[in-house]
Peer 1: 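Here it is: the structure, laid out below.
Positions are given from 1 along the sequence.
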Amino acid sequence: MQWDKEKIILSFLAGNLSLYLYYKIKSTNKNVDDKNKKYLQLFEKWLILAERGDSIRQFFEARNIKEIAVYGYGNIGKHLVAQLSGSDINIKYVLDKRKDCIITDNIPCYPLLGKIQSVDAIVITPICEYMEIKNTLKRVTSAELISIEDIIYELL
């Protein structure tokens with residue numbers, strides 16, 4: 001009789017664990033899908049700007065921002081650096097949490113450690129983590145903190 005109770009309890013626990021893991025994985029996949037959708041929408045809007053002949057450079061020029069840093073050197077950060085190369089906007093450095101961040105055009109890449117060099121603005125490219133990054137950067141800089149998403153949507 002005791003053995004049957006243990007089997008029932010184990011079966012119950014295994015079933016609940018399976019359900020928990022199923023919903024956890026399903027939720028994680030939805031979050032990844034939502035994140036990918038946000039990035040796809042951002043790139044689509046950025047492409048619309050390019051097709052109109054507009055550039056992100058215009059955002060900085062309108063605000064008299066001459067020297068920036070870029071936070072995040074993933075796909076969006078790389079495109080931002082490429083688009084601003086050769087413009088009057090000086091990218092002083094890139095901040096990235098990855099240690100293998102290699103950038104061309106003589107732009108240094110640093111991890112976020114303590115106080116950072118002064119710039120007019122820091123453009124935050126990881127749009128889904130914007131608020132968390134902004135709050136971290138507020139502690140180490142007085143530069144204007146701007147989301148790449150806000151720049152693109154404002155230029156539309």
Side-chain angles (χ1 to χ4, degrees), residues 17-156:
L17 179 61
S18 296
L19 280 173
Y20 170 78
L21 291 174
Y22 170 76
Y23 286 112
K24 185 77 170 167
I25 290 169
K26 188 175 177 182
S27 171
T28 301
N29 288 342
K30 182 179 179 347
N31 291 342
V32 169
D33 288 345
D34 290 347
K35 184 176 179 177
N36 289 339
K37 186 177 179 181
K38 277 190 80 156
Y39 281 107
L40 181 61
Q41 288 171 340
L42 180 74
F43 275 121
E44 182 180 350
K45 301 300 183 193
W46 199 341
L47 188 56
I48 289 169
L49 288 174
E51 289 169 346
R52 282 194 332 208
D54 292 335
S55 169
I56 288 178
R57 172 185 43 79
Q58 295 168 282
F59 176 89
F60 300 111
E61 289 173 348
R63 285 160 187 73
N64 201 29
I65 295 173
K66 305 231 183 268
E67 199 169 60
I68 68 165
V70 175
Y71 184 99
Y73 200 63
N75 291 329
I76 293 174
K78 289 174 185 172
H79 285 290
L80 178 61
V81 168
Q83 191 170 90
L84 293 176
S85 284
S87 75
D88 293 340
I89 309 306
N90 177 28
I91 301 173
K92 195 167 182 179
Y93 56 91
V94 169
L95 294 168
D96 195 278
K97 62 183 176 185
R98 291 176 289 174
K99 291 181 172 66
D100 63 345
C101 181
I102 299 170
I103 303 170
T104 58
D105 298 333
N106 299 321
I107 301 170
C109 182
Y110 306 115
L112 182 59
L113 299 171
K115 193 86 172 136
I116 55 178
Q117 295 178 25
S118 177
V119 289
D120 299 326
I122 299 175
V123 180
I124 301 170
T125 63
I127 60 176
C128 293
E129 296 85 17
Y130 171 71
M131 287 307 295
E132 177 184 328
I133 295 166
K134 181 179 179 180
N135 289 334
T136 300
L137 288 173
K138 274 186 193 178
R139 290 183 236 142
V140 295
T141 185
S142 60
E144 184 177 357
L145 305 173
I146 310 167
S147 169
I148 186 70
E149 187 175 35
D150 291 342
I151 294 170
I152 290 174
Y153 280 90
E154 187 170 317
L155 288 170
L156 282 177

Peer 1: Any side-chain heavy atom of Ile107 sitting closer than 4.5 Å to one from Val70?
Peer 2: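 Side chain of Ile107 against side chain of Val70, heavy atoms only: no contact under 4.5 Å found.
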
Peer 1: Rounded to the nearest 0.5 Å, what separation is found between the CG atom of Asp150 and the CG atom of Leu145?
Peer 2: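 Taking CG in Asp150 and CG in Leu145, the distance rounds to 11.5 Å.
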
Peer 1: Under 4.5 Å between any side-chain heavy atoms of Pro108 and Tyr110, yes or no?
Peer 2: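 A side-chain contact exists here, since the closest heavy-atom pair is under 4.5 Å.
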
Peer 1: Verify side chain to side chain contact (heavy atoms under 4.5 Å, CB included) between Glu67 and Tyr93, making sure each step is shown before the conclusion.
Peer 2: CA-CA 10 Å; Glu67 199 169 60; Tyr93 56 91; over 6 Å; no

Peer 1: At their closest point, which heavy atom of Ile127 faces which heavy atom of Ser147, and how far apart are they?
Peer 2: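 Closest pair (atom of Ile127, atom of Ser147, distance): CG2-OG, 4.1 Å.
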
Peer 1: Sequence neighbours left out, cut at 3.5 Å: what donor-acceptor pairs do the side chains of residues 45-59 make with other protein atoms?
Peer 2:
residue : atom : partner : partner atom : Å
Trp46   : NE1  : Gln83   : OE1          : 3.4
Arg52   : NE   : Asp54   : OD2          : 2.9
Arg52   : NH2  : Asp54   : OD2          : 2.7
Arg52   : NH2  : Leu155  : O            : 2.8
Ser55   : OG   : Arg57   : N            : 3.1
Arg57   : NH1  : Glu61   : OE1          : 3.0
Arg57   : NH1  : Glu61   : OE2          : 3.2
Gln58   : OE1  : Ser55   : N            : 2.6

Peer 1: Measure the spacing between CD1 of Ile76 and CG of Leu80 and express it to the nearest 0.5 Å.
Peer 2: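 The distance works out to 9.5 Å.
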
Peer 1: Going by heavy atoms in the side chains, are Val81 and Tyr73 under 4.5 Å from each other?
Peer 2: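 The answer is yes, as the side chains (C-beta and beyond) meet within the 4.5 Å cut-off.
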
Peer 1: State whether Glu129 and Lys35 are salt-bridged, where the test is any N-O pair (Lys NZ or Arg NE/NH1/NH2 against Asp/Glu carboxylate O) under 4.0 Å.
Peer 2: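 Between Lys35 and Glu129 there is a salt bridge, with a charged N closer than 4.0 Å to a carboxylate O.
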
Peer 1: For side chain to side chain contact (heavy atoms under 4.5 Å, CB included), just list the numbers for Lys37 and Leu40, CA-CA rounded to whole Å, side-chain angles, deciding distance to a tenth of an Å, and then say yes or no.
Peer 2: CA-CA 5 Å; Lys37 186 177 179 181; Leu40 181 61; 5.6 Å; no

Peer 1: So with a 6.0 Å cut-off around CG of Asp88, is the heavy-atom count from everything else above 12?
Peer 2: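 No, CG of Asp88 has 12 or fewer neighbouring heavy atoms, counting only those of other groups under 6.0 Å.
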
Peer 1: Tell me, do Phe60 and Ser87 make a side-chain contact under 4.5 Å, heavy atoms counted?
Peer 2: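 Phe60 vs Ser87: side chains apart.
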
Peer 1: Please report the interatomic distance CG(Asp120) to NZ(Lys66), rounded to the nearest 0.5 Å.
Peer 2: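 These two atoms lie 8.5 Å from each other.
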
Peer 1: Over all heavy atoms of both residues, which pair between Pro111 and Leu95 is shortest? Give the atoms and the distance, please.
Peer 2: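 Scanning both residues completely, I find the closest heavy atoms to be O-CD2, 4.1 Å.
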
Peer 1: Measure the spacing between CD1 of Ile151 and CD1 of Ile65 and express it to the nearest 0.5 Å.
Peer 2: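 Answer for the CD1-CD1 pair, Ile151 versus Ile65, is 7.5 Å.
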
Peer 1: Find the distance between CD1 (Ile124) and CD1 (Ile148) and round it off to the nearest 0.5 Å.
Peer 2: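 The CD1 atom of Ile124 sits 11.0 Å away from the CD1 atom of Ile148.
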
Peer 1: Between Tyr71 (side chain only) and Pro126 (backbone N and O only), is there a donor and an acceptor less than 3.5 Å apart?
Peer 2: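 It does not hold such a pair.
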
Peer 1: Could you state the interatomic distance from CD1 (Ile68) to CG (Leu84), rounded to the nearest 0.5 Å?
Peer 2: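 So the gap between those two atoms works out to 5.0 Å.
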
Peer 1: Will you find, in the side chains of Lys38 and Asn36, an N or O donor that is under 3.5 Å from an N or O acceptor?
Peer 2: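 Lys38 vs Asn36: no donor-acceptor pair found between side chains.
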
Peer 1: Donor-acceptor pair, distance only, cut-off 3.5 Å: does the side chain of Lys97 make one with the backbone of Gly72?
Peer 2: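 Such a contact is absent between Lys97 side chain and Gly72 backbone.
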
